[in-house]
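What follows is a single structure, written as C-alpha cells, with notes after it.
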Amino acid sequence: MYTPHPDRYADMPYRRTGRSGLKLPALSLGLWHNFGPDRPVDVQRAILRRAFDLGVTHFDLANNYGPPPGAAESALGDALKADFAHHRDELIVSTKAGYLMWPGPYGEWGSRKYLLSSLDQSLGRMGLDHVDIFYSHRPDPETPLEETMGALHSAVQQGKALYVGVSNYSAEQTRDAARILAELGTPLLIHQPRYSMLDRRPEDEGLLDALDELQVGSIAYSPLEQGLLTGRYLDGIPDDSRAASDSPFLSADKVTEDLVGRLRTLDEIAKSRGQSLAQLALAWVLRGGRVTSALIGASSPRQLEDSVAAIGNLEFSEDELARIDAVVKA
C-alpha cells in the first residue's frame, strides 16, 4: 500500500489563485500524454505517487486526454482508488471539455448539452462525485458565451465542480467570461493559456494584463514548448523525439538550425544558473509570481524529479532576463 512521504509539503511553493482561497503548487502535473493503455500502468502510478511525494497536489486533465480520449481520466480514476483514496482532500483534480470527444453535433465545443454531459462522463471515468476545477477548454464561435458560462455555473450549483476556469480564451473573451460568471455568482478562478519562453502571446496580446486586472489565476501549459526546451534538440532531432514522429504538435521543419543555435545559447544561460534547460524554462514562466502554476508532463518519475527541481531557483537577475530576451527575440 502506498504511503505518501511525510515531508511532501516541505519544499513546494503554493501560490494563491487569483483572489480565491485556493492555492496551487508552483508546478502541477498534466496528464495530457503518458497516461493511456499504451503506457505501463506501474509507470503511470509511480509518476503520480512521486508527484504527490514532491508536493505536486494538482493533477490536470481534459476529457480527450489519452490516447485514446478518456484514457487519462480512467487511469487517474484507477490510481485514485488504489493509492489516493484517503488523500482525495489533499488533491486538486481538474478537467476540461471543448474539443472533439464523441461523434455528432453534441460532441465538442461549448454548448450546455456538451459541457454538462462531458462532465458527467469525466466524473464517471475518474470515480469522483466532483472535480475541483472544470474548464471550458476553448471558446465556441457559434454558441453564446452566456450559455457556455451558464453551463460552468450550473456545474458548480450542482456540486459537480468547486471552481471554474477557461482555456485558450483571448484577453477580451476572458473579460467577457469573467463578467458573465460574476453576474451569475460563480467567479472565474483561473485561465490556462499556452505560455513559454518561445511563445509570449499571453504577454504580447494582453492576456496576463487582463488576468492581473481581473484578479484571476493562471496556469501555463506547454511551458517546455512541446519538448523543445528540454534539451533534447540541442544536437538536432533525435530519432525517437516528437519532432521525428508524425505528431501534429511539433513538426521537424520547426527545428531549424537557427532555433537549435538559440536553444544552445539558452542552455548556456541555464548552466550558468546551475539548471538544466527545462528547469530554466519552468523557472522563467514562474518568475515574478504572475503565473500561478506551470504544467509539467512526465514519462518517468526521474523526469518529474528533474522538472520539480526547478523550484530551487525561481529568481532572475535583470541581466539574465535581458540575455534570454536577446536570444528569443533576436
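Salt-bridge check for Asp60 with Lys96: passed, with a basic side-chain N closer than 4.0 Å to an acidic carboxylate O. A salt bridge between Arg49 and Asp53 is absent, with no side-chain N of the basic residue lying under 4.0 Å from a carboxylate O of the acidic one. A salt bridge links Arg290 with Asp209: the closest approach of a Lys/Arg side-chain nitrogen to an acidic carboxylate oxygen falls below 4.0 angstrom. Salt bridge status for Arg264 with Glu268: absent, with no side-chain N to carboxylate O gap under 4.0 Å. Comment: Asp306 does not engage Arg302 in a salt bridge, judged by the lack of any side-chain N to carboxylate O separation of less than 4.0 angstrom. With salt bridges taken as basic N to acidic carboxylate O contacts below 4.0 Å, none links Asp129 and Lys160.
Under the 3.5 Å distance criterion, the side-chain polar atoms of Ser94 are left unmatched by any main-chain donor or acceptor of Ile133. Side-chain N or O atoms of Arg125 include none that pairs as donor or acceptor with a backbone N or O of Glu73 at under 3.5 Å. Side-chain atoms of Arg287 come within 3.5 Å of backbone N or O of Trp284 as a donor-acceptor pair. Panel note: side chain Ser28, backbone Phe59; no donor-acceptor pair is recorded below 3.5 Å. Looking only at distances, no side-chain donor or acceptor of Ser196 sits under 3.5 Å from a matching main-chain atom of Leu224. Under a 3.5 Å cut-off, the side chain of Asn64 and the backbone N or O of Tyr99 do not form any donor-acceptor pair. Side-chain atoms of Thr265 come within 3.5 Å of backbone N or O of Gly261 as a donor-acceptor pair. Under the 3.5 Å distance criterion, the side-chain polar atoms of Gln303 are matched with a main-chain donor or acceptor of Ser299. Proximity of a side-chain donor or acceptor of Arg15 to a complementary backbone N or O of Val291 within less than 3.5 Å is detected. Not a single donor-acceptor pair under 3.5 Å links the side chain of Glu147 to the backbone N or O of Gly110.
When all heavy atoms of Val216 and His191 are compared, the pair lying nearest together is CG1-N, 4.0 Å. Closest approach of Tyr14 to Lys23, counting heavy atoms only: CB-CB, 4.1 Å. Across all non-hydrogen atoms, the minimal contact from Met197 to Val328 is O-CG1, 3.2 Å. Nearest heavy-atom pair across Thr230 and Gly227 is OG1-O, 2.7 Å. Asn168 approaches Tyr221 most closely through the heavy-atom pair OD1-OH, 2.6 Å. The two atoms that bring Thr17 and Gly217 nearest to each other are CG2-CA, 3.9 Å, heavy atoms only.
A distance below 6.0 Å separates the ring centres of Phe84 and Tyr2.
Classification of the Tyr65-His137 ring pair by plane angle, with boundaries at 30° and 60°, yields perpendicular.
Enclosure of atom CZ in Arg19 is not indicated, since only 12 or fewer non-hydrogen atoms of other residues, nucleotides or ligands lie within 6.0 angstrom. Shown here is His87, whose NE2 atom has more than 12 heavy atoms of other residues, nucleotides or ligands within 6.0 Å. Taking a 6.0 Å sphere around OH of Tyr9, one finds it holds more than 12 heavy atoms contributed by other residues, nucleotides or ligands. Counting non-hydrogen atoms of other residues, nucleotides and ligands closer than 6.0 Å to CD of Glu172 gives a total of 12 or fewer.
Transitive grouping of hydrophobic side chains (ILVMFWY, heavy atoms separated by less than 4.5 Å) brings Leu280 and Leu198 into a common cluster. Tyr114 and Trp109 end up in different hydrophobic clusters when Ile, Leu, Val, Met, Phe, Trp and Tyr side chains are linked at under 4.5 Å. Cluster annotation: Leu24 is not connected to Leu54 through the hydrophobic network of ILVMFWY side chains, with a link wherever side-chain heavy atoms come within less than 4.5 Å. Linking Ile, Leu, Val, Met, Phe, Trp and Tyr residues whenever their side-chain heavy atoms come within less than 4.5 Å places Ile324 and Leu234 in a single cluster. Following chains of ILVMFWY side-chain contacts shorter than 4.5 Å, one can reach Phe134 starting from Ile180, so the two form part of one hydrophobic cluster.
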Check the pair Thr186, Tyr163 against side-chain hydrogen bond (donor to acceptor under 3.5 Å, both in side chains), reporting the backbone distance first and the verdict last. CA-CA 8 Å; Thr186 296; Tyr163 302 93; over 6 Å; no

Test salt bridge (charged side-chain N to carboxylate O under 4.0 Å, His left out) applied to Arg88 and Asp132, step by step: CA-CA 10 Å; Arg88 170 65 181 98; Asp132 298 283; 2.9 Å; yes

Which is it for Arg200 and Glu205 under the salt bridge (charged side-chain N to carboxylate O under 4.0 Å, His left out) test, yes or no, and what are the steps along the way? CA-CA 8 Å; Arg200 308 287 186 93; Glu205 298 174 1; over 6 Å; no

List the steps, then state whether salt bridge (charged side-chain N to carboxylate O under 4.0 Å, His left out) holds for Lys271 with Asp267. CA-CA 6 Å; Lys271 288 177 179 176; Asp267 187 56; 3.4 Å; yes

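In the model, Gln226 has a side-chain atom that pairs as donor or acceptor with a side-chain atom of Ser222 under 3.5 Å. For the 3.5 Å distance criterion, the side chains of Ser136 and Tyr169 qualify, holding a donor opposite an acceptor. In this model, no donor atom of one side chain and acceptor atom of the other lie less than 3.5 Å apart for Gln157 and Ser154.
Taking CG of Leu162 as the start and OG of Ser20 as the end, the distance is 11.0 Å to the nearest 0.5 Å. Put simply, CD on Gln279 and OG on Ser276 are 3.5 Å apart, with the number rounded to the nearest 0.5 Å. The structure places CG of Leu61 at 4.5 Å from CG of Leu31, a figure rounded to the nearest 0.5 Å. Residue Gln44 holds its CD atom at 13.0 Å from OG of Ser300, rounded to the nearest 0.5 Å. Taking CD of Glu320 as the start and CD of Glu315 as the end, the distance is 10.0 Å to the nearest 0.5 Å. The CD atom of Glu108 lies 10.5 Å from the CG atom of Asn63; values are rounded to the nearest 0.5 Å.
Relative to the six-membered ring of Phe316, Arg323 misses at least one condition, a distance below 6.0 Å or an angle of at most 45° to the axis.
By the 4.5 Å heavy-atom criterion applied to side chains, Met149 and Leu181 are counted as neighbours.
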